[in-house]
Amino acid sequence: MTEQRQEGRWLDTSGAHVRVLPPALFGVPLALAARMHRRRPLPVRCGRAGSPRASRGRRFAGALLAAAGLGLMLWAFLTMRRHHTTVVPWARVDELVTSGPYAHVRNPIYAADALIYLGASLRLGSLWPLLALPAVLGALRRWVIEPEETYLSETFGRRYARYRSAVPALVPAWGRDDIR
């Protein structure tokens with residue numbers, strides 16, 4: 001495969017110095033927390049503890065959060081595709097995407113991962129994943145977001161600096177359509 005054909009693909013490492021698959025930062029701790037919950041339950045309490053209605057409500061809320069995360073992720077993927085750029089965090093990018101979900105949050109795919117993680121935590125009914133969440137977000141910041149932001153700053157300079165100062169990293173800010 002030629003160098004040009006590898007750009008933007010999984011084997012292209014010419015972009016940010018990210019060397020971890022971001023969904024693994026959410027999936028591995030979630031799986032470990034689920035295992036911990038089976039061994040030593042630490043249930044989420046909402047409503048009357050143990051009531052079927054409270055349990056259904058919790059699971060429904062979890063499903064809604066996960067569905068919102070999947071919707072946000074799909075929107076982000078489609079926006080990146082429309083701009084002919086990649087979602088591979090370590091691949092080279094030629095365009096700074098600031099429209100669609102990227103007008104509201106710099107990292108909508110990671111925000112979507114967090115929503116899915118929270119939804120799965122509620123569906124599981126365990127506090128273990130929530131206790132792990134600060135470490136998950138810290139690892140995401142250190143191993144993924146910081147290297148990406150360094151790369152984007154070097155690649156897009158002032159344009160990225162303006163975007164970064166106007167748009168939050170993970171918690172969306174609504175009311176913007178495009179950052180120029």
Side-chain angles (χ1 to χ4, degrees), residues 10 16-82 86-91 97-149 152 164 166-176:
W10 291 102
H17 293 285
V18 173
R19 298 299 179 256
V20 62
L21 190 61
L25 291 176
F26 290 92
V28 170
L30 186 61
L32 292 173
R35 184 176 176 138
M36 233 1 233
H37 185 70
R38 280 192 295 280
R39 290 184 175 196
R40 181 159 277 189
L42 190 57
V44 170
R45 304 268 187 225
C46 53
R48 284 188 167 165
S51 80
R53 187 174 186 177
S55 181
R56 278 192 307 273
R58 175 187 45 76
R59 287 193 312 267
F60 181 72
L64 283 178
L65 276 174
L70 289 171
L72 177 58
M73 188 175 291
L74 179 62
W75 186 22
F77 282 160
L78 292 173
T79 301
M80 294 291 270
R81 184 178 175 121
R82 190 170 40 256
T86 184
V87 297
V88 179
W90 48 78
V97 178
T98 60
S99 62
Y102 296 90
H104 308 285
V105 63
R106 291 193 312 269
N107 301 287
I109 295 171
Y110 307 144
D113 285 333
L115 285 172
I116 294 166
Y117 182 95
L118 290 170
S121 299
L122 284 177
R123 295 276 306 166
L124 179 62
S126 176
L127 289 174
W128 288 113
L130 300 177
L131 293 174
L133 188 58
V136 169
L137 294 176
L140 178 71
R141 166 79 66 212
R142 176 76 175 104
W143 296 338
V144 180
I145 293 174
E146 287 177 6
E148 284 182 346
E149 290 191 338
L152 293 171
R164 184 177 178 185
V167 178
L170 282 174
V171 179
W174 302 103
R176 296 182 179 98

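Quantities reported herein were computed from a predicted structural model and do not represent experimental measurements. Residues: numbered from 1 along the sequence shown.
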Going from CZ on Phe60 to CZ on Arg123, what distance comes out if it is rounded to the nearest 0.5 angstrom?
10.0 Å
Determine all donor-acceptor pairs shorter than 3.5 Å in which one atom belongs to a side chain in residues 17-37; sequence neighbours excluded.
{"from": "Arg19", "atom 1": "NH1", "to": "Ala16", "atom 2": "O", "distance (Å)": "3.3"}
{"from": "His37", "atom 1": "ND1", "to": "Leu42", "atom 2": "N", "distance (Å)": "3.3"}
{"from": "His37", "atom 1": "ND1", "to": "Ser126", "atom 2": "OG", "distance (Å)": "3.0"}

Distance-minimising heavy-atom pair for Ala76 and Ile109:
CB-CG1, 3.6 Å
Do Val97 and Met80 come close enough that some side-chain heavy atom pair is under 4.5 Å?
yes
Taking the side chain as every heavy atom from C-beta outward, state whether Leu72 and Pro101 have any atom pair closer than 4.5 Å.
yes
Answer yes or no: is there a side-chain heavy-atom contact under 4.5 Å between Asp113 and Leu140?
no
Please tell me if the side chains of Glu148 and Trp143 come closer than 4.5 Å, counting only heavy atoms from C-beta onward.
no
What's the shortest heavy-atom distance between Leu115 and Gly69, and which atoms?
CB-CA, 3.8 Å
For the atom pair CE (Met73) and OH (Tyr110), what is the distance rounded to the nearest 0.5 Å?
10.0 Å
Are Asn107 and Tyr102 side-chain neighbours, meaning at least one heavy-atom pair lies under 4.5 Å?
no
Is the backbone N or O of Ala112 less than 3.5 Å from a side-chain atom of Tyr117, with the two atoms forming a donor-acceptor pair by type?
no
So Leu137 and Leu133, do their side chains get closer than 4.5 Å, heavy atoms only?
yes
Point-to-point distance, once rounded to the nearest 0.5 Å, from OG1 of Thr79 to CG of Leu74
9.0 Å
Over all atoms of both residues, closest heavy-atom pair of Pro172 and Val105
CA-CB, 3.9 Å
If I take atom CZ from residue Arg58 and atom CG from residue Leu124, how far apart are they, to the nearest 0.5 angstrom?
8.0 Å
Distance-minimising heavy-atom pair for Ile116 and Ala66:
CG1-O, 3.7 Å
Name all pairs fulfilling the salt bridge (charged side-chain N to carboxylate O under 4.0 Å, His left out) condition that reach into residues 99-110, sequence neighbours left out, sorted by first residue then second.
Arg106-Glu149
